Amino acid sequence: MTPLYASVISLKRITAGQAEAVAANDDWGTALNARAVEGFGASVGAFALASGSKDAALLLALSPGTYTVEVSGAGTASGIALVEVYPAVD
């Protein structure tokens, strides 16, 4: 199996059996909060995201509820993906 090098991550909230898009990312380094993503990852001991990588990452404040995450390949990319979720406290 090969790793998924160009990924897209989508977060959806489930309400009454329906999935509603909350956020998505396909390149963590271009996100408006890229520096915060990098800093938070280091603060919780997550593996470092390489500069210029096509890893997808989200850093969000979420309301209580039920959520699901979908990971897919960008374009025609395919492979194995790893999703890590960390609780954040203000």
Side-chain angles (χ1 to χ4, degrees):
M1 296 288 181
T2 59
L4 179 59
Y5 287 105
S7 57
V8 178
I9 188 169
S10 301
L11 177 71
K12 297 179 182 183
R13 183 177 176 140
I14 309 300
T15 306
Q18 299 296 314
E20 176 187 350
V22 174
N25 179 266
D26 68 348
D27 183 351
W28 79 273
T30 63
L32 295 177
N33 64 348
R35 285 234 188 248
V37 169
E38 189 173 33
F40 179 77
S43 75
V44 297
F47 65 88
L49 297 169
S51 179
S53 74
K54 296 298 181 186
D55 293 301
L58 295 169
L59 178 59
L60 306 164
L62 300 173
S63 301
T66 303
Y67 296 86
T68 189
V69 173
E70 292 180 359
V71 178
S72 60
T76 61
S78 64
I80 302 296
L82 170 67
V83 175
E84 296 184 37
V85 178
Y86 297 94
V89 179
D90 286 339

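Bear in mind the structure is a predicted one, so any value in this text is a computation, not a measurement.
Residues I9 and Y67 share a single hydrophobic cluster, defined by chaining ILVMFWY side chains whose heavy atoms lie under 4.5 Å apart. V22 and I14 fall into different hydrophobic clusters, defined by Ile, Leu, Val, Met, Phe, Trp and Tyr side-chain heavy atoms under 4.5 Å apart, directly or through other members. Follow the hydrophobic side-chain contacts under 4.5 Å out from V85 and you reach L4 in the same cluster. Hydrophobic clustering (side-chain heavy atoms under 4.5 Å, transitive across Ile, Leu, Val, Met, Phe, Trp, Tyr) groups Y86 together with W28.
Heavy atoms from other residues, nucleotides or ligands lying under 6.0 Å from CG of L60 number more than 12. Residue-environment remark: CD (E84) exceeds the threshold of 12 foreign heavy atoms within 6.0 Å.
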Distance-only criterion, 3.5 Å: show the donor-acceptor pairs between side-chain atoms of residues 33-51 and protein atoms not counting sequence neighbours.
| from | atom 1 | to | atom 2 | distance (Å) |
| --- | --- | --- | --- | --- |
| N33 | ND2 | L59 | O | 3.2 |
| S43 | OG | F40 | O | 2.7 |

Expected list for residues 70-82: side-chain donor-acceptor pairs under 3.5 angstrom, two or more places apart:
| from | atom 1 | to | atom 2 | distance (Å) |
| --- | --- | --- | --- | --- |
| E70 | OE1 | K12 | NZ | 3.3 |
| E70 | OE2 | K12 | NZ | 3.4 |

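To the nearest 0.5 Å, atom CG of residue D55 and atom OH of residue Y5 are 10.0 Å apart.
Remark: side-chain polar atoms of T30 are paired, donor with acceptor, to backbone N or O of D27 under 3.5 angstrom. In this structure, the side chain of N25 engages the main chain of A57 through a donor-acceptor pair within 3.5 Å.
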